[in-house]
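Encoded as structure tokens, the structure appears first; notes follow it.
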Protein chains: 2
Amino acid sequence: MATRTRRSQRRTDALTRERIVEAAVELLDSAGDGGLTFKTLTERLKTGPGAIYWHVANKDELLEAATDGVVAAALAVEPDGTPRDEIRALAFSLFDAIDEHPWLGTQLAMQFSRNPWGTVVPRIFESIGRRVRGLGLPESSWFIATSALVHYILGAAGQNAANARSAGRGVNRAEFLDATSKAWERLSREDYPFLHAIADQVREHDDREQFVAGIDFILAGVITDRSAT
Amino acid sequence: MATRTRRSQRRTDALTRERIVEAAVELLDSAGDGGLTFKTLTERLKTGPGAIYWHVANKDELLEAATDGVVAAALAVEPDGTPRDEIRALAFSLFDAIDEHPWLGTQLAMQFSRNPWGTVVPRIFESIGRRVRGLGLPESSWFIATSALVHYILGAAGQNAANARSAGRGVNRAEFLDATSKAWERLSREDYPFLHAIADQVREHDDREQFVAGIDFILAGVITDRSAT
DNA sequence: ACCTGAACACCGTTCAAGT
DNA sequence: ACCTGAACACCGTTCAAGT
């Protein structure tokens, strides 16, 4: 108890990189994509912009660190089960992370398209790729299989989050799916026959079930590829 | 000749939405992602910001229109061949468009993650999905198959463009692949065994060949899925 | 070493005023 | 109906000055 008290007395008020990143994540979570500015950040941390720039090079680095932290946590799944099971688990974990932090979809897309050599992209590739290696494919298809899985996971999860976000907090899944369906039906039938054809299907699907179905047939394609070689 | 002259005399100086979008695309092409501002745009069009706002609601709408225009052109491939061939052709067309307009990768990611109900996303889904429908799958997997293909295509093409861009204009493919490979090898070997394992492979691969290999095994997965049903 | 906060350059957007 | 351009609110970033 004495040490407890002493510990809590040792004030951790000092600004650190971690505290800044933590605050950034909280702001993004509560106020969305545009909620993180140096104004909101300095208000929350009760400092000036200069103090933040002492710990962080610029806003891009801050966004990368915030994204990286959330992603790293999501990728820390217990390593048991077959490679296939673990890939599924990682996919769901990323899916849930994007669902929980809607800004993550946009940020991940950004990291992939303008900062592929940063920390986030290698981390995701490594995590999925390590399991892909366990599938017994020829080495020549490791990268392409990993790439297909990663792009599908992030794309599908991100789109799901985008839809969910645009539906608003109070609206439930069914209403939002109905809205998507209706949006597609509003498009011209001649120009968009396919979207009209699947509009009904979208109304009554299960997001996660459909999501994992996509994973499964990418895996099926990989396996087929293996037997063909 | 007379009509020729008269035609060129009929000055098309008037500001139109199309001219604005056209100028936006040119600015993005020549100056990259950050090259489009209202300042550069008004300078090029010799007007004030108010004139642009008369034709376009805001910058987001302008970016959507610019993206949509380039995408629509890329998707206009001649409709002959098997569904499989046409999917491949569309994929390459999008790949090339992103390669030619590097800003497109980021913009497409943005459209998908924050504006999925705009014009761009439905257009791409429709275009790929229409061919997926021709593959003879059960209707229940149309959407998921299309989704996997679209996300893979945009993700892989975008990443390729991002890499190519970060390599710079003067640097050739081999040097840039070498740089990627080296970047991965700089990562800790314990934390990133997979990236180390494929670092060599990346050095001597063919982008387009690898890209279409990904398409092919997603298609293989889809077909496998069909026979399993 | 770490923080303050005024100042700077730039950005998207608005709007009263013109034609 | 279409355009002008000054003005506004806001943004990321810098830096001389403090402790």
Side-chain angles (χ1 to χ4, degrees), chain A residues 10-68 103 106-107 109-111 113-115 118 120, chain B residues 10-68 103 106-107 109-111 113-115 118 120:
Chain A
R10 194 200 296 168
R11 312 218 291 125
T12 47
D13 265 344
L15 213 51
T16 61
R17 196 185 144 95
E18 286 118 50
R19 274 197 60 206
I20 295 171
V21 173
E22 197 183 333
V25 170
E26 287 167 13
L27 281 169
L28 288 166
D29 283 347
S30 64
D33 248 314
L36 176 65
T37 65
F38 275 83
K39 184 159 183 289
T40 60
L41 194 57
T42 51
E43 274 167 6
R44 171 172 282 248
L45 293 171
K46 294 181 179 33
T47 33
I52 289 166
Y53 277 93
W54 178 261
H55 297 276
V56 166
N58 50 42
K59 196 183 179 183
D60 279 350
E61 193 189 290
L62 181 56
L63 281 167
E64 182 182 3
T67 304
D68 200 46
W103 52 273
T106 306
Q107 279 311 311
M110 217 85 101
Q111 292 294 324
S113 67
R114 30 179 25 143
N115 190 22
V120 179
Chain B
R10 195 201 294 167
R11 311 216 294 124
T12 47
D13 266 344
L15 213 51
T16 60
R17 198 185 143 94
E18 286 120 48
R19 275 198 59 207
I20 294 171
V21 173
E22 196 183 334
V25 170
E26 287 167 13
L27 280 169
L28 289 165
D29 283 346
S30 63
D33 248 313
L36 176 64
T37 66
F38 275 83
K39 184 159 181 289
T40 59
L41 194 56
T42 51
E43 273 167 6
R44 172 172 283 248
L45 293 170
K46 292 181 180 35
T47 32
I52 289 166
Y53 276 92
W54 178 262
H55 297 277
V56 166
N58 50 42
K59 197 183 179 183
D60 280 350
E61 193 188 291
L62 181 57
L63 281 167
E64 182 182 4
T67 304
D68 200 46
W103 52 273
T106 306
Q107 279 311 309
M110 217 85 102
Q111 293 294 323
S113 67
R114 27 171 37 134
N115 189 22
V120 178

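Here is how names work: the chains are called A, B, and so on, in the same order as the sequence lines, proteins then strands, and each is numbered from 1.
- Whole-Å rounding puts the Asn58(B) CG to dC11(C) P distance at 17 Å.
- Minimum heavy-atom separation, Asp33(A) to Leu28(A): O-CD2, 3.9 Å.
- Note: CH2 (Trp54(B)) to P (dT14(C)) measures 14 Å, nearest angstrom.
- The two residues Tyr53(B) and Asn58(B) make their nearest non-hydrogen contact at CE2-CA, 3.9 Å.
- Per the geometry, CG belonging to Asp60(A) stands 7 Å off P belonging to dT13(D), to the nearest Å.
- Nearest nucleotide to the Ala51(A) side chain, out of dC3(C), dG12(C), dC3(D): dC3(C).
- Closest to the side chain of Phe38(B), from the set dC3(D), dG12(D), dT13(C), is dT13(C).
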Residue pair Leu36(B), Leu63(B): steps toward the side-chain contact (heavy atoms from CB on, under 4.5 Å) verdict = CA-CA 9 Å; Leu36(B) 176 64; Leu63(B) 281 167; 3.9 Å; yes

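- Between Glu26(B) and Arg44(B) the shortest side-chain heavy-atom distance falls below 4.5 Å.
- The Lys59(B) side chain lies nearest to dG12(C) when the options are dT13(D), dG12(C), dC3(C).
- Here CG of Leu15(A) is found 5.5 Å from CG of Leu45(A). Values are rounded to the nearest 0.5 Å.
- The two residues Thr40(A) and Gly35(A) have their closest heavy-atom pair at OG1-O, 3.0 Å.
- In this structure, His55(B) reaches the dC3(D) phosphate: one of its side-chain N or O atoms is under 4.0 Å from OP1 or OP2.
- Comparing dC11(C), dT13(D), dC11(D) by their closest approach to the side chain of Tyr53(A) singles out dT13(D).
- Scanning DNA chain C for stems, defined as runs of 3 or more consecutive Watson-Crick or G-U wobble pairs whose donor-acceptor distances all fall under 3.5 Å, gives the following ranges: C:4-8 with D:12-16, C:12-16 with D:4-8.
- Using a 4.5 Å heavy-atom cutoff, the side chains of Leu41(A) and Ile20(A) are in contact.
- Straight-line distance from the CZ atom of Arg17(B) to the P atom of dC3(D): 14 Å, rounded to whole Å.
- For the residue pair Trp103(B) and Thr67(B), the shortest heavy atom distance occurs at CZ3-OG1, 4.0 Å.
- Electrostatic pairing of Arg17(A) and Glu61(A) counts as a salt bridge here, judged by a charged N lying under 4.0 Å from a carboxylate O.
- Listed in residue order, the members of residues 39-50 of chain B having a heavy atom less than 4.0 Å from DNA chain D are Thr47(B), Gly48(B), Pro49(B), Gly50(B).
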